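Protein chains get the first letters and strands the later ones, always in sequence-line order, with residue 1 at the start of each. Being a predicted model, the structure only gives us computed values, none of them experimental.
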2 protein chains.
Amino acid sequence: MHDMMATRTAPDPASELQAASAANPSFSPLYRQIKGLITRSLQQGDWKPGELIPSEADLARRFGVSQGTVRKAVDELAAEGLLLRRQGRGTFVSTHHEERVKFRFLRLVPDATVEGERPLPQPMERQFLECRRARASQEVARTLGIKAGESVTQIRRLLLLAGEPVVFEDIYLPGPAFRALTAERLESYRGPLYALFESEFSTRMVRAEEKLRAVNASAQEAQLLRVREAEALLLVERLSFSYGELPAEYRRGLYNTRHHHYRNELN
Amino acid sequence: MHDMMATRTAPDPASELQAASAANPSFSPLYRQIKGLITRSLQQGDWKPGELIPSEADLARRFGVSQGTVRKAVDELAAEGLLLRRQGRGTFVSTHHEERVKFRFLRLVPDATVEGERPLPQPMERQFLECRRARASQEVARTLGIKAGESVTQIRRLLLLAGEPVVFEDIYLPGPAFRALTAERLESYRGPLYALFESEFSTRMVRAEEKLRAVNASAQEAQLLRVREAEALLLVERLSFSYGELPAEYRRGLYNTRHHHYRNELN
DNA sequence: TAGTGGTCTAGACCACCGT
DNA sequence: CGGTGGTCTAGACCACTAA
């Protein structure tokens with residue numbers, strides 16, 4: 001029977017869990033509470049990106065629940081992209097250091113891309129135009145959930161695909177966490193920006209929201225992206241969140257969609 | 001133990017299922033086979049959109065498996081949006097006739113929309129400019145997986161939000177299924193286009209792929225959307241699929257993103 | 001071979017819904 | 001109240017990986 005308080009021979013951690021009961025209106029199922037505990041461990045850095053977390057059987061023992069309950073919690077976290085299951089090996093904390101998930105957040109693909117094919121085998125080059133400390137504008141502050149005038153790190157860069165400039169973007173990072181970030185470090189780093197943030201700034205981007213618009217290129221934007229002035233560009237504003245729905249990056253990118261498009265799936 | 005062929009006292013349908021075994025390289029887990037059988041029933045129209053499907057216990061008996069196995073199959077189909085579970089009532093076939101999911105495929109929201117809020121309480125008006133039979137062009141044919149020159153139904157329409165024209169799109173429907181569709185029917189129908197297709201043309205759109213680009217408005221497009229010529233517009237090409245990954249609609253829409261934006265979530 | 005996640009079962013009880 | 005999906009358990013065996 002499922003009556004935790006009475007029958008379960010649970011170790012310490014389980015005592016935090018609340019029994020299901022009609023008397024408790026703010027009831028949350030066990031597996032969801034387990035999910036919360038695991039998420040907390042991820043936030044606290046108990047298990048770091050790329051690392052192996054304890055086995056299901058182990059977690060079940062620790063939490064004083066059945067393996068099936070842990071399984072359901074881990075299943076959902078894996079579906080949300082926080083964890084990665086590998087049969088025979090164990091469950092790992094997701095990371096941006098992985099060939100598999102290199103371009104998880106960049107939805108731009110060459111027009112030639114065939115459906116179902118893995119896109120972007122194109123050579124990609126990055127040019128960092130700027131990396132400086134600045135004061136948050138009204139807009140940037142509101143988006144990042146900080147106060148206007150607070151310090152942010154701003155990066156301005158250009159992405160080139162097959163030698164052609166395709167993306168021009170400004171990136172805003174809140175707070176003092178990124179104070180040590182320099183243009184030199186950006187230049188020398190091989191791999192995705194989010195992998196760098198993860199390894200050296202303890203900030204893992206978990207999910208993001210994007211707003212897309214079409215805009216006419218300004219003179220400066222046109223020059224950088226080598227298009228005519230007033231040519232249509234895709235404006236992509238991205239707000240990325242770290243663990244716990246914490247806004248951790250705001251990005252404003254202009255995409256030249258003459259030979260590339262933004263790919264999306266609707267379900 | 002789990003040895004179907006020997007121990008299960010299964011009714012007829014279960015005999016189609018294949019036992020798991022190392023000897024069978026093309027092995028698929030039971031719940032996935034169940035999923036396939038349910039999907040087939042949906043395709044065949046055994047259970048129509050909006051209808052109640054048999055209970056888990058019932059399906060388990062029919063297929064000769066445990067309720068847990070059926071549950072896993074239904075869980076996945078619900079996650080994919082094919083089924084809708086309602087506690088205490090049963091499991092229903094998803095439909096486009098539902099307040100909840102009215103704008104599942106239209107990602108355009110007003111700029112004022114606050115995160116987490118339900119968008120589009122705006123009054124929406126539709127103007128159908130055209131509805132005719134035509135021959136598929138090279139491009140349309142290739143996209144829909146038919147031969148160039150075959151008959152398609154073409155709809156041209158305008159969407160107005162808060163009185164302003166915001167979307168101008170051409171819609172292409174393959175084959176003879178939509179031969180009976182007329183401009184009058186489109187005008188008189190209340191509710192989403194996909195609901196009409198579902199009720200009267202036995203075509204349910206299950207998922208879609210979109211390609212987004214920014215383009216400069218032509219003279220005609222500018223006039224229809226009431227913007228300046230060459231103003232940037234968001235071009236959205238959508239390929240919708242019915243049950244069984246069947247391409248069922250191709251749509252080419254131009255969005256005026258001056259006061260609206262295309263909203264997307266990245267996980 | 002030992003340990004991991006993946007599948008499957010059987011059975012219990014709970015939360016929710018309509019009658 | 002009976003029927004539905006939702007949660008939880010305990011235990012079995014399979015598939016995969018690494019030592």
Side-chain angles (χ1 to χ4, degrees), chain A residues 1-10 14 17-35 38 51-61 63-79 83-93, chain B residues 1-10 14 17-35 38 51-61 63-79 83-93:
Chain A
M1 183 203 168
H2 176 227
D3 178 349
M4 271 163 269
M5 298 336 217
T7 65
R8 185 175 300 133
T9 63
L17 301 178
Q18 304 179 345
S21 102
N24 184 358
S26 69
F27 152 74
S28 149
L30 252 189
Y31 77 87
R32 205 167 288 280
Q33 298 179 47
I34 303 294
K35 202 177 153 185
I38 296 175
E51 286 181 6
L52 183 66
I53 76 169
S55 74
E56 291 180 357
D58 195 343
L59 289 173
R61 273 189 300 274
F63 296 138
V65 300
S66 80
Q67 181 170 343
T69 300
V70 169
R71 169 158 277 272
K72 179 141 186 175
V74 172
D75 273 347
E76 289 198 0
L77 290 169
L83 296 178
L84 182 61
R85 322 190 70 144
R86 295 201 226 174
Q87 192 177 71
R89 298 188 55 189
T91 302
F92 298 77
V93 182
Chain B
M1 182 201 167
H2 177 226
D3 179 348
M4 269 163 271
M5 298 335 217
T7 65
R8 184 175 301 135
T9 62
L17 302 178
Q18 304 179 344
S21 103
N24 185 359
S26 69
F27 151 74
S28 151
L30 251 189
Y31 76 87
R32 204 167 289 281
Q33 297 178 49
I34 302 294
K35 204 177 152 186
I38 296 175
E51 286 181 6
L52 182 66
I53 75 168
S55 74
E56 291 180 357
D58 195 345
L59 289 173
R61 272 189 300 275
F63 296 137
V65 301
S66 80
Q67 182 170 343
T69 299
V70 169
R71 168 157 278 271
K72 178 140 188 175
V74 172
D75 273 347
E76 289 199 0
L77 291 168
L83 296 178
L84 181 62
R85 322 189 72 143
R86 295 200 226 177
Q87 193 177 66
R89 299 187 54 189
T91 302
F92 298 78
V93 182

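- Note: CG (D75(A)) to P (dC8(C)) measures 14 Å, nearest angstrom.
- The backbone N or O of V93(A) lies less than 3.5 Å from no partner atom in the side chain of E51(A), so there is not a single donor-acceptor pair.
- When distances are taken from the side chain of R71(A) to each of dT7(D), dC8(C), dG5(C), the shortest belongs to dG5(C).
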Pairs: protein N or O with nucleotides 16-19 of chain C N or O, under 3.5 Å:
{"residue": "dC16(C)", "atom": "O4'", "partner": "Q87(B)", "partner atom": "OE1", "Å": "3.1"}

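- With sequence neighbours excluded, the residues satisfying side chain to side chain contact (heavy atoms under 4.5 Å, CB included) with D58(B) are P54(B), S55(B), R61(B), R62(B).
- Atom NZ in K72(A) sits roughly 17 Å away from atom P in dA10(D) (whole-Å rounding).
- For the residue pair S28(A) and Q33(A), the shortest heavy atom distance occurs at O-NE2, 2.7 Å.
- Along DNA chain D, the nucleotide nearest A57(B) and the nucleotide nearest Y31(A) are compared for position; the residue whose nucleotide lies closer to the 5' end is A57(B).
- Put simply, CG on L83(B) and CD1 on I53(B) are 5.0 Å apart, with the number rounded to the nearest 0.5 Å.
- Here the nucleotide nearest the side chain of S55(A), chosen from dG5(D), dT4(C), dC8(C), is dT4(C).
- Note that the OG1 atom of T91(A) and the CG atom of D75(A) stand 9.0 Å from one another [nearest 0.5 Å].
- L84(B) contributes atom CG, which lies 11.0 Å from atom CG of L52(B) (distance to the nearest 0.5 angstrom).
- Atom CD of E76(B) is separated from atom P of dG6(C) by 12 Å (rounded to the nearest Å).
- As a whole-Å value, the separation of Q33(B) CD from dT7(C) P is 12 Å.
- Dashed line: the shortest gap from a side-chain N or O of T91(B) to OP1 or OP2 of dT4(D) is not under 4.0 Å.
- If you measure from atom CG of L83(B) to atom P of dG6(D), you get 12 Å, rounded to the nearest angstrom.
- Legend: residues meeting side-chain hydrogen bond (donor to acceptor under 3.5 Å, both in side chains) with E76(A), ordered by chain and number and at least two apart, are K35(A).
- Spacing between atom CG of L30(B) and atom C1' of dA15(D) amounts to 15 Å, rounded to whole angstrom units.
- Looking at the side chain of T69(A), the nearest of the listed nucleotides dC8(D), dG5(D), dG5(C) is dC8(D).
- Going from atom CD of Q67(A) over to atom P of dT7(C) covers 13 Å, rounded to whole Å.
- The nearest whole Å value for the distance from the CZ atom in R86(B) to the C1' atom in dA15(C) is 17 Å.
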